[in-house]
Trainee: 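Before I ask anything, here is the structure I am working with.
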Amino acid sequence: MPKEYRTIQEVAGPLMLVRGVENVAYDELGEIELASGEKRRCKVLEINGNDALVQLFESATGINLSNSKVRFLGRSMELGVSEDMLGRVFDGLGRPIDGGPEILPDERRDINGLPMNPAARSYPEEFIQTGVSAIDGLNTLVRGQKLPIFSASGLPHANLAAQIAKQAKVRGSNEKFAVVFAAMGITFEESNFFVESFKETGAIDRTVLFVNLANDPAIERISTPRMALTAAEYLAFEKDMHVLVIMTDITNYADALREVSAARKEVPGRRGYPGYMYTDLATLYERAGRQNGKKGSITLIPILTMPEDDKTHPIPDLTGYITEGQIILSRDLYRKGIKPPIDVLPSLSRLKDKGIGEGKTRADHSNTMNQLFAAYARGKDAKELMTILGEAALTDIDLVYAKFADAFEKEYVSQGYDTDRPIEETLEIGWKLLSMLPRAELKRIDDKFLDMYYGKQ
């Protein structure tokens, strides 16, 4: 039986100081029992001699220093995992909130996970079809990749996240595919939107949801993504599933880190975020990947809203260092009514070349991708010139490119949130658009592909 202590010294915000403890370790779980018999959870943040500084998961209201007692449980935070988690909704501490029964776990796992040895990783190279042209065609997602979506406040990243979660699949294989969805600090409406949209399409049956609402405690927000990744590791590496983990919103997670760090009176780093934020984010992102000898994989799409639309803000900045590329949403495209408003030029998937081509998507994919990028960039330049100098200043070919840029946004990028395009359809639309340009302009495409596809749509 764990030893009980009645030596609570003080409570300050989410922190509590307990004196005279023995054999208590960092990160250990504790339980506070109030005079009324109510129990609340906490975890050890710091040990100093015989003093333990603990952090409360729930609120501190009602904790009476003289008649509340604390016991330490001798283990860190764990999640009971089993295949029955699919189709269920949990809170940030892994408790079911969908009215269903408790999960009977196959095993209990520490939520901090075990980092993957770099030598045990296998290279990500299989194409995942999201059904979204701007991603599949131009910034391809591959299995085991970490590809964040950089959004901004008010942009429809929730719709895009739900669309990817519903549509994503590994082609031509009947391998088991699952989605683990972690929502941090979102509103009740957003949470409801995700649950309902998964139920509508039946995608909920292969989805595990962890939902932490904006009014839940900050410390719970820090455990939410770890719970989700623990569930994903179990499904991927024990049950051989291919798991797509979507986390929204990393900005809320980082703000919770900052709040806890401030409560501990730590020296702040850039913009008040703790100096160890890079390490902390890496302990999440690096849990994605593929392992040698294991059939399953974890692919990760973290979503973050950039404060003040600023790519150099610490959160997107550090995320960009750890992950393999980024998908950027644009306010200009959103104003034009492009859905999803993905800005393909600054977006990048560093592994896209590995997941495309003969046997994966189609042999002409790489050529057409480069040509579409180049033509769209030139078209945007032409449109800027037109704004400054007027249409008369443009050459005939510039006008064709300007027209191409508009058609590209309307037909290729904008597809709505309910359209699931197979990669063949995405490539066909690409060819249809490229056929607007004279054949002599398509210098990045091999002649044999031009003979096969140019002007044939």
Side-chain angles (χ1 to χ4, degrees), residues 85-100 130 132 135 147-168 178-229 231-232 244-259 284 300-309 313 315-316 319 327-331 333-334 339-342 416-418:
M85 298 175 88
L86 290 164
R88 300 292 305 275
V89 187
F90 303 90
D91 70 2
L93 295 175
R95 299 172 294 209
I97 51 171
D98 52 4
T130 62
V132 180
I135 297 176
L147 187 64
I149 294 175
F150 287 6
S151 179
S153 56
L155 296 185
H157 47 269
N159 306 50
L160 182 60
Q163 181 177 16
I164 293 172
K166 290 185 296 195
Q167 296 179 175
V179 176
V180 175
F181 199 96
M184 295 160 275
I186 61 171
T187 62
F188 180 74
E189 283 78 15
E190 280 181 289
S191 150
N192 207 31
F193 162 77
F194 286 125
V195 176
E196 289 309 312
S197 70
F198 292 161
K199 278 184 180 159
E200 245 167 63
T201 52
I204 187 110
D205 298 338
R206 55 166 198 174
T207 305
V208 187
L209 280 103
F210 289 87
V211 178
N212 162 271
L213 297 176
N215 59 346
D216 290 333
I219 179 67
E220 189 180 305
R221 206 155 300 153
I222 292 174
S223 71
T224 308
R226 291 181 168 79
M227 290 278 172
L229 286 159
L244 176 66
V245 180
I246 297 179
M247 301 202 272
T248 178
D249 179 331
I250 294 291
T251 303
N252 295 338
Y253 171 82
D255 287 345
L257 267 190
R258 179 165 68 175
E259 193 176 315
L284 296 180
L300 178 62
I301 299 186
I303 296 172
L304 57 93
T305 44
M306 302 181 283
E308 298 159 22
D309 298 16
H313 185 279
I315 305 169
T319 295
I327 301 288
I328 295 184
L329 302 189
S330 140
R331 223 175 261 288
L333 292 178
Y334 177 61
K339 302 173 184 176
I342 295 175
Y417 299 109
D418 299 315

Trainee: Treating Glu190 as the side-chain partner and Thr187 as the backbone partner, does any N or O pair qualify as donor plus acceptor under 3.5 Å?
Mentor: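 A pair under 3.5 Å: yes.
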Trainee: Does a side-chain heavy-atom distance below 4.5 Å link Val195 with Asp98?
Mentor: no
Trainee: Report yes if the side chains of Arg331 and Ser153 come closer than 4.5 Å at any heavy-atom pair, otherwise no.
Mentor: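 Yes; the side chains approach each other to less than 4.5 Å.
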Trainee: Dump the intermediate steps for side chain to side chain contact (heavy atoms under 4.5 Å, CB included) on Phe210 and Met85, then the final yes or no.
Mentor: CA-CA 10 Å; Phe210 289 87; Met85 298 175 88; 3.9 Å; yes
Trainee: Indicate yes or no for a side-chain donor-acceptor contact from Ser223 to the backbone of Gly92 under 3.5 Å, with no hydrogens or angles considered.
Mentor: yes
Trainee: Would Leu329 and Ile342 count as a side chain to side chain contact (heavy atoms under 4.5 Å, CB included) if you check the C-alpha gap in whole Å, the side-chain angles of each, and the deciding distance to 0.1 Å?
Mentor: CA-CA 5 Å; Leu329 302 189; Ile342 295 175; 3.7 Å; yes
Trainee: Report yes or no: does Arg221 contribute a side-chain atom to a donor-acceptor pair with the main-chain N or O of Ala214 at less than 3.5 Å?
Mentor: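 Yes.
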Trainee: Do Ile303 and Asp249 have side chains that get closer than 4.5 Å, going by heavy atoms?
Mentor: no
Trainee: Does Phe181 form a side chain to side chain contact (heavy atoms under 4.5 Å, CB included) with Val208? I'd like the steps, not just the answer.
Mentor: CA-CA 6 Å; Phe181 199 96; Val208 187; over 6 Å; no
Trainee: Do side-chain atoms of Asn212 reach the backbone of Gly185 as a donor and acceptor pair under 3.5 angstrom?
Mentor: yes
Trainee: Dump the intermediate steps for side chain to side chain contact (heavy atoms under 4.5 Å, CB included) on Thr224 and Asp216, then the final yes or no.
Mentor: CA-CA 11 Å; Thr224 308; Asp216 290 333; over 6 Å; no
Trainee: Has Asp418 got more than 12 heavy atoms of other residues, nucleotides or ligands less than 6.0 Å from its CG?
Mentor: no
Trainee: Are any of the side-chain heavy atoms of Leu229 and Arg226 separated by less than 4.5 Å?
Mentor: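 No - every pair of side-chain heavy atoms lies 4.5 Å or more apart.
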Trainee: Looking at Met184, is its backbone amide N or carbonyl O close enough to the side chain of Asn252 to form a donor-acceptor pair, meaning the two atoms are under 3.5 Å apart?
Mentor: yes
Trainee: Is any side-chain heavy atom of Pro341 closer than 4.5 Å to one of Pro156?
Mentor: yes
